[in-house]
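Computed from a prediction, not measured in an experiment: that's the story for all the values here. We count ligands from 1, going down the list as the structure has it; atoms in each ligand are counted the same way.
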Amino acid sequence: MNLALSLDRAGRDDPGRPALGVGARVLRTYGETAGRVARLAGALQRLGLKPGDRVAIAAKNSPDYLEALYAIWHAGLAAVPANAKLHGAELGYILEQSGARVCFASAGLDGEIAPHAPQSLERLISIGSAEHERLFAADPIDVIPRGGDDLAWLFYTSGTTGRPKGAMLTHKVLAAASAAYASEVDTVLPGDPILHAAPMSHGSGLYMMAHVMNRGVNVVPESGGFEPEEIFALFRAWPRTSMFAAPTMVKRLVECPAECVSGNIRTIVYGGAPMYVEDARRALERFGPRLAQIYGQGESPMTITVLTRGKIADSDHPRWSERLASVGRPFRAIEVMVADEHDAPLPAGEAGEILCRGDTVMAGYWRNPEASAATLRGGYLHTGDVGAFDADGYLTLKDRSKDLIISGGSNVYPREVEEILLRHGRVREASVIGRPDREWGEVVVAYVVGDAPAADLDALCLAAIARFKRPKDYVFVEALPKNNYGKILKTELRAMDARRAASRVAE
Ligand code: AMP
């Protein structure tokens, strides 16, 4: 079933109900939104796009995001939402790899993409431009039928090779993830708002569908992003608001003056990176029993385990602290297993790779059969995360896919930064690690063998990769720790870095 049908139906059955909000006001009803989406879909069809073709969205949060996404589905096409914080060259790679024929881009971002646009891209539409506006004048079309296994969303996630891979999320996958959200994370009643302060290309955007299906309101802050004061004002303006927030965002909200918080919040869902127990406790004190945690990844979007509101708030439970440190229990519709290196299940208490199977798991990686076969071998998604179950079925993550750095909720794969640093003639070797940081979760740190000025390295990074991936610290060393095969030992490097930080504190 095509996901676009839920919006189309809401437009017919409940036309006067608010669908989209900007800041504190209602922007459009379901009737208006569905009408615009049907016309935009008509325009995409008139551009010659055929069912299954890919259309990218490289945009900051805005109501246009939802309309573009639903119009893409309405016309039977597949969406490629790309992180607006990426560098033009990185976006160019995603456009090329996905074979997108059209791309909607935020004003400003189109200029950054243009020099990197691949030949396969026929049209780059700047959101809000006269060209974009004209598309809404096309004749509306009916929803093009799509099956559950048809591609809906290509979710680009970095791989260990540093090149992003497109996780193929079908209509069935997104419908299952949305149903899991509405039944196990958060109740969504008609009229309930969801505030998109985190990128709509990722976690927050994946909650759009549950809110359309249940006729909630998708609200975008006026600033398009995360400004704590604005968020609190919107909590007051929109009763029963929910929001997805990376742990660093929750921490920033907690640090705001107590009088900012109102009782209007429905649920703050956190996930995507580890939450320190101390921070979870403080958030609970501040917001009350309105927090839920999810653990997921692009390959099983937002849906592997959930730590429910009730469990987070159950502070009288003897194992409450351990539970706060966990990522909760598997969603009901998904099988989760902790396995040894032969994919055999391990008993509670033993750590191994987390595998899962169910309707929320991707169909594979786009145009990458080797990576698909390896990641989905034996019918299970191999998450690359290491964890252990306790006797009650709570899963605790022990480590992340080894060396992945999560800074401020965004993923940074060391290799992509290392490759840039190694472009400098005076860098012999480079190894990038995450250093624990109270504010960002982790910050990117580069260990460098060579004598390149740090300013040069910064400039190289700024020219090629997103700002959030740039090292916050460069440490110049004589040699990097290596094993007998000459492979750099990152675990040892992280330990060295911790010792270095400890000796600095002691000074
Ligand atoms: P992404 O594919 O960008 O959503 O990143 C997914 C990765 O983020 C997972 O494989 C985990 O390593 C990490 N992650 C997601 N949720 C959590 C969580 N609740 N706690 C700790 N790490 C998480």
Quick one, D192 and R266 - any side-chain contact, counting heavy atoms below 4.5 Å? yes
For Y295, the atoms of ligand 1 under 4.0 Å from one of its heavy atoms are 11 (C), 15 (C), 16 (N), 17 (C), 19 (N)
Heteroatom distance test (G272, ligand 1): nitrogen or oxygen, under 3.5 angstrom: yes
Determine whether the side chains of D186 and S242 contain a donor N or O and an acceptor N or O closer than 3.5 Å. yes
Between N218 and Y207: side-chain donor-acceptor atoms closer than 3.5 Å: no
The one among E299, Q297, H202 that brings a heavy atom closest to atom 6 (C) of ligand 1: Q297
Could you go step by step and tell me if F155 and H202 meet the ring-ring contact (aromatic ring centres under 6.0 Å, His included) rule? CA-CA 8 Å; F155 186 105; H202 284 67; 5.0 Å; yes
Return yes when I294 approaches ligand 1 closer than 4.0 angstrom through a heavy atom, no otherwise. yes
Using a strict 4.0 Å cut-off to heavy atoms of N411, name the atoms of ligand 1 that fall inside it. 1 (P), 3 (O), 5 (O)
Hey, could you give me each pair passing side-chain hydrogen bond (donor to acceptor under 3.5 Å, both in side chains) that has a residue in residues 91-103? Not counting sequence neighbours. D53-R101, Q97-Y156, R101-E122
For G298, the ligand 1 atoms with a heavy-atom partner under 4.0 Å come out as 1 (P), 2 (O), 4 (O)
So the atoms of ligand 1 within less than 4.0 Å of a heavy atom of G296 turn out to be 6 (C), 9 (C), 15 (C), 16 (N)
Determine the sole option in V269, T187, T267, L291 for which the side-chain contact (heavy atoms from CB on, under 4.5 Å) test with R309 is passed. T267
The atoms of ligand 1 lying under 4.0 Å from a heavy atom of Q293, numbered in the order shown, are 18 (C), 19 (N), 20 (N)
Using a strict 4.0 Å cut-off to heavy atoms of V327, name the atoms of ligand 1 that fall inside it. 18 (C), 19 (N), 20 (N)
Assign the ring pair H211 / Y181 to parallel, tilted or perpendicular, where the plane angle (0 to 90°) is split at 30° and 60°. tilted
With heavy-atom distances below 4.0 Å as the criterion, list the atoms of ligand 1 near G271. 19 (N)
Donor-acceptor contact below 3.5 Å, side chain S106 vs main chain K60: yes
Does I406 have a heavy atom less than 4.0 Å from any atom of ligand 1? yes
